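This report concerns only the one structure given below.
Per chain, numbering begins at 1; letters A, B, ... match sequence-line order. Note that this is a predicted model, so its numbers are computed, not measured.
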Amino acid sequence: MTSENPFAKFREECETALAYALKTTFPEVEADTLSLSKPPNVDFGQLASSLCFELAKKLKQKPIPLAERLVSAMPKSGFSLVSKVVAAGAGYVNFYADFPKFSDLALSSVRQLNFEYGFVKTGDPVKVIVEHTSVNPLHPIHIGQARNPMLGDALARILEYRGHAVSRHYYIDDVGRQSSVVAYGYLKLGKPKPDEKADRFVGEIYTVTCCLVELNRLKRELELAKTASLSEEVPKINKELAEWTSIAAELEEKFPTLFAKLLTKIGEDENPEEEINRLNRAYEDGEPEAKSLIREVSELCIQGFRETQQRVEVRYDSWDWESDFVWSDQVSKVLQKLKTSPFVYTEGGVLEFDAEKVVCDLDLKGKLGLRENYEVPPLTLVRADGTTLYTTRDVAYTLWKFDRADRVVNVIGMEQSLAQLQLKIALYALGNSDYADNFFHFAYNLITLPGYKMSSRRGRYITFDEVLDEAVERAFEEVSKRSPQLSQEEKREIANFVGIGAVRYALVDVDPSKPVIFTWDRVLDFETNSAPYVQYTHARACSILRKADRKPENADFGLLKEKLERELVLAVASFPDTFIEATEYLKPNLIADFANALADRFNTFYNALPVIKAESQELSDARLALTDAVRIVIHNALNLIGVVAPEKM
RNA sequence: GGGCGGGUAGCUCAGCACGGAUAGAGCAUCACCCUCCUAAGGUGGGGGUCGUGGGUUCGAAUCCCACCCCGCCCGCCA
């Protein structure tokens, strides 16, 4: 007998029995919930109900006698997984699993379903677009942004395993002034070929160009302020100038040739800022020269992104260019439609979207979880010069997504919560409330550095690549120390999946809403509650199975009587529940926590009880089956968060 | 000023959606465990006003209200 969700089967039996007992004992009572939950301790059984505490209130009696009456009214037959039901504590009803049968069910199920075990399919499969990463093509992905692809990829994986048709999208934000800045610098340099990783190369051009353009602008502003007798502005400008001058000194030291070249070339232009603005307008207008230039730099940078993503095994199904939405009529169509709604007005030459009016007219405050007295700020849709803004374009992009999917999940930092809310409200305003209801902003908090704020404009960041390099290097030292007998090649391979796994795990493990202060120690952890710990546990299980070198054909699961063994069976049997919860509530961190907890239990078991050298062949086989199940479940859990489950390390 | 998120052991975090039995891990620290299946491991000790104050409840880290601290947002930036 097998089950795709062994623990749920046990729970169903408990529910049926409890509901029956309740109905026969207290037919007059209406209970909306049976209040079943996992007790804190195996001594209290595998499931417990606190129903009697609520009954006590309704019936004005003490809980424990009620619990006893329920227990005596339990059906005497029909159980296959429940061994006994007991009234305990102040009034709990505790259900105990019949472990010989339950272990058999759980371990056989894992064995049979193998690498599909745990991935219970949804009854309502839909098409989902997960947009994640979407780092601007201006510089390498830095560690502050790396949380995004790690979470986004894990989300895409769990939704896919849940049975949804998932498409992973990268939104390339190439429209906007910054893209013109980097393209301008690139052009001034004579469109050079990169002599290093392409995104790094582009990032250097971006930072130095930014700095030089900023200095130029500030100097002109200073002159203007002096002559126009705006003397109160002078100290403020001087302060900014001093800051950028020191950044310039930093950059000149780091990239002397690049800096000198750009300094000369940009110096040739009277007003670089104006050149950049012109390029920006030309790009939005779709002029061929601007198009080819900006696309060329962007592509270059994206080439670097692809290399990084390959390293961490993150892939995308679609790369969507923001500029495509501007050049086609999709943005203007959205604007046309919004203009005919009563939610748009013009003020000072700009087009504004009255999100508050939408929320009031359509009575959305409760639905959106907003306070009654909170006013949603308006959103500017179109600038005075007729160009559109980021969120406006994002509305067109979102409609495009809903042409291709039933549900949209945007993995975007929480600093964009308001913009994402306004976007959602715009969908309601356009009459697409079904879209709006299926539009989810998966928000996560920032990763910061302890000393200073990361700033790509100032060239102050630690790149994701650097973190990965360091992780792999430290893992290599670790492998060399622990397994000196391995060949260089083996060590390198292990160091790679250990280092990268450690980073992936560390970025997925913490609750996304928590802010993270980046430290090397935090990400490059090789001890308990890290990917290497879980990986090691997996390798350890593999090693036992390898050494045993036989199929556990004579297993007697009734012999698994130790508390440690039963806890392991329970954990393995509960994986489908954890998977479903992680998927339905979009909580990939639950998977990491589960994997770690399972590894913990297995290591305790490993240290306490012999598997191969157990007292009898039947017990040994039962423990081997248990070890095999743990191996499979750890493999499946790690797979969901994109971490390699190695057979050796 | 308004909104959102966070505040749990010296440090990093879990638990909070759905209130239940002694609030859990890891790091650090102290003491142990490799003639034994991988010690990236295990065992044990010490360490807590769950930000503060009220409230609801038989029962609150969890729900409600007020306040405090930290971060982010409130742009014709993205």
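Taking the side chain to side chain donor-acceptor pair (under 3.5 Å) definition, one finds that Thr392(A) meets it with nothing, sequence neighbours left out. Qualifying ring pair (Phe, Tyr, Trp, His ring centres under 6.0 Å) partners for Tyr283(A), counting only residues two or more places apart in sequence or in other chains: Trp327(A). Evaluation of the ring pair (Phe, Tyr, Trp, His ring centres under 6.0 Å) rule for His441(A) yields no partner, not counting sequence neighbours.
Gln178(A) comes within 4.0 angstrom of the backbone, heavy atoms only, and of no base. Tyr374(A) comes within 4.0 angstrom of the backbone, heavy atoms only, and of no base. Within 4.0 Å (heavy atoms only), Asn94(A) reaches at least one base atom of the nucleic acid. Heavy atoms of Asp509(A) sit nowhere under 4.0 angstrom from any nucleic acid atom. Counting any heavy atom pair closer than 4.0 Å across all strands shown, Ala548(A) reaches no nucleic acid atom.
Separation of the C1' atoms belonging to rA66(B) and rU29(B) is 40 Å when rounded to the nearest angstrom. Nucleotides rG6(B) and rU62(B) have their P atoms positioned 14 Å apart, rounded to a whole Å. Between rG45(B) and rA23(B), the distance separating the two P atoms is 15 Å to the nearest Å. Straight-line distance between the C1' atoms of rC18(B) and rA25(B): roughly 23 Å, to the nearest whole Å. Spacing between rU57(B) and rC76(B) at atom P, rounded to whole Å, works out to 49 Å. Spacing between rG44(B) and rG26(B) at atom P, rounded to whole Å, works out to 10 Å. For the P atom pair drawn from rU12(B) and rG71(B), the interatomic distance equals 15 Å after rounding to whole Å. Rounded to whole Å, the P atom of rC68(B) lies 24 Å from the corresponding atom of rG75(B).
Between Phe594(A) atom CZ and Asp577(A) atom CG the span is 9.5 Å, to the nearest 0.5 Å. Between Cys14(A) atom SG and Phe7(A) atom CZ the span is 7.5 Å, to the nearest 0.5 Å. Here CG of Leu449(A) is found 11.5 Å from OG of Ser455(A). Values are rounded to the nearest 0.5 Å.
Residue Ile412(A) contributes atom CD1, which lies 15 Å from atom P of rC73(B) at whole-angstrom precision. Going from atom CD of Glu284(A) over to atom C1' of rC77(B) covers 13 Å, rounded to whole Å. Rounded to whole Å, atom C1' of rA25(B) lies 12 Å from atom CZ of Arg601(A). Going from atom CD of Glu581(A) over to atom P of rA14(B) covers 15 Å, rounded to whole Å. One interatomic measurement links the two molecules: CG of Asp385(A) to P of rC77(B), which rounds to 9 Å at whole-angstrom precision. Taking atom CD of Glu415(A) as the reference point, atom P of rG75(B) lies 15 Å away to the nearest angstrom. For the pair Leu55(A) CG and rG59(B) P, the interatomic distance rounds to 18 Å; values are reported in whole Å. Residue Asp511(A) contributes atom CG, which lies 7 Å from atom P of rG6(B) at whole-angstrom precision.
Between the side chains of Asp174(A) and Ser298(A), no donor N or O sits under 3.5 Å from an acceptor N or O.
Stacking between Tyr585(A) and the base of rA17(B) is absent under the criterion of ring centres within 5.5 Å and planes under 30 degrees.
Out of rC73(B), rC76(B), rC13(B), the shortest distance to the side chain of Arg383(A) is found at rC76(B). Of the candidate nucleotides rA21(B), rC58(B), rG6(B), rC58(B) has the atom nearest to the side chain of Lys57(A). For Thr380(A), counting side-chain heavy atoms from C-beta on, the closest listed nucleotide (rC76(B), rC13(B), rC72(B)) is rC76(B).
Here rG1(B) sits opposite rC74(B) as a Watson-Crick or G-U wobble pair (both hydrogen-bonding atom distances under 3.5 Å). Base pairing of rG26(B): its partner is rC11(B), meeting the Watson-Crick or G-U wobble criterion (both donor-acceptor distances under 3.5 Å). Within the shown strands, nothing qualifies as a pairing partner of rC50(B) under the Watson-Crick or G-U definition with both distances less than 3.5 Å.
Here the rule is side chain to side chain contact (heavy atoms under 4.5 Å, CB included) with Phe518(A), and of Val467(A), Thr448(A), Leu507(A) only Val467(A) fits it.
Closest of all the heavy-atom pairs between Val611(A) and Ser620(A) is O-OG, 2.9 Å.
Side-chain N or O atoms of Lys365(A) include one that pairs as donor or acceptor with a backbone N or O of Tyr374(A) at under 3.5 Å.
Under 4.0 angstrom from either OP1 or OP2 of rG7(B) there lies at least one side-chain N or O belonging to Lys514(A). Using a 4.0 Å cut-off, some side-chain N or O of Arg522(A) falls inside it from OP1 or OP2 of rC13(B). Neither OP1 nor OP2 of rC58(B) sits under 4.0 Å from any side-chain N or O of Lys62(A).
Each of Ser417(A) and Tyr390(A) has a nearest nucleotide on RNA chain B; the 5'-most of these lies closest to Ser417(A). Each of Pro377(A) and Gly369(A) lies near RNA chain B, and the nucleotide nearest Gly369(A) is the one positioned closer to the 5' end.
For an aromatic pair to be called close, the ring centres must be under 6.0 Å apart, and Tyr533(A) with Phe526(A) fails this.
Because its glycosidic torsion is more than 90° from 0, rC70(B) is reported here as anti.
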Under 3.5 Å, side-chain donor or acceptor atoms of residues 42-49 of chain A against the rest of the protein: list the pairs with distances, not counting sequence neighbours.
| residue | atom | partner | partner atom | Å |
| --- | --- | --- | --- | --- |
| Gln46(A) | OE1 | Ala97(A) | N | 2.8 |
| Ser49(A) | OG | Leu34(A) | O | 2.7 |
| Ser49(A) | OG | Leu51(A) | N | 3.0 |

Where protein sits on nucleotides 33-42 of chain B, one letter per nucleotide: B base, S sugar-phosphate only, - none, heavy atoms under 4.0 Å: ----BBSBBS
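For RNA chain B, the residues of residues 344-359 of chain A within the heavy-atom distance limit of 4.0 Å (strictly under) are Gly348(A), Val350(A), sorted by number.
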